[in-house]
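One structure is given below, encoded as structure tokens.
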Amino acid sequence: AKLRLKQQDPQAAAEAADRVLAIMPKQPTALALRAAAAAGQFDFAAADAMVAKFTALFPGSAEAHAIIGSLLSDLRQ
């Protein structure tokens, strides 16, 4: 999923993250990457929902926000 985001392919990133989450629904990096993929598709409601889920599972972690910020920065370049 991370590679697909670097390639600016958020749809493929979402699919990759979903495959991981189907097996490990609480995997933090997969949740963060799925949120970033949603943001990359400009589906901010889905991104917000995924960040909320991430935050509920991992309070105090900024991983999801950092990955989303990095992706959105990359998309602007």
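What you see below is based on every heavy atom in this structure, not just the backbone, and it leaves out hydrogens, waters and symmetry mates.
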Same apolar cluster: L71 and F44, side chain cutoff 4.5 Å: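 Different clusters: L71 never reaches F44 through Ile, Leu, Val, Met, Phe, Trp or Tyr contacts under 4.5 Å.
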Please answer whether the main-chain N or O of A66 pairs with a side-chain N or O of S70 as donor and acceptor at a distance below 3.5 Å.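 The answer is no, because no donor-acceptor pair under 3.5 Å joins these two groups.
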Show every side-chain hydrogen bond (donor to acceptor under 3.5 Å, both in side chains) that has at least one partner inside residues 18-27, sequence neighbours left out.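 Passing the test, one end in residues 18-27: D18-R34.
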Minimum-distance pair of heavy atoms, taken over all atoms of [X] and [Y]:
{"X": "I68", "Y": "A35", "value": "CD1-CB, 3.8 Å"}
{"X": "A1", "Y": "A17", "value": "CB-N, 3.9 Å"}
{"X": "A38", "Y": "A47", "value": "CB-N, 3.6 Å"}
{"X": "L5", "Y": "P10", "value": "CD2-CA, 4.2 Å"}

Measuring from L33:CG to R4:CZ, what's the distance to the nearest 0.5 Å? 13.0 Å
To which residues is M50 joined in a hydrophobic cluster, defined by side-chain heavy-atom contacts under 4.5 Å among Ile, Leu, Val, Met, Phe, Trp and Tyr, whether direct or through other members?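 Besides M50, the cluster holds L21, L31, F54, L57, F58.
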Qualifying salt bridge (Lys or Arg N to Asp or Glu O under 4.0 Å) pairs, either residue in residues 41-68, two or more places apart: none
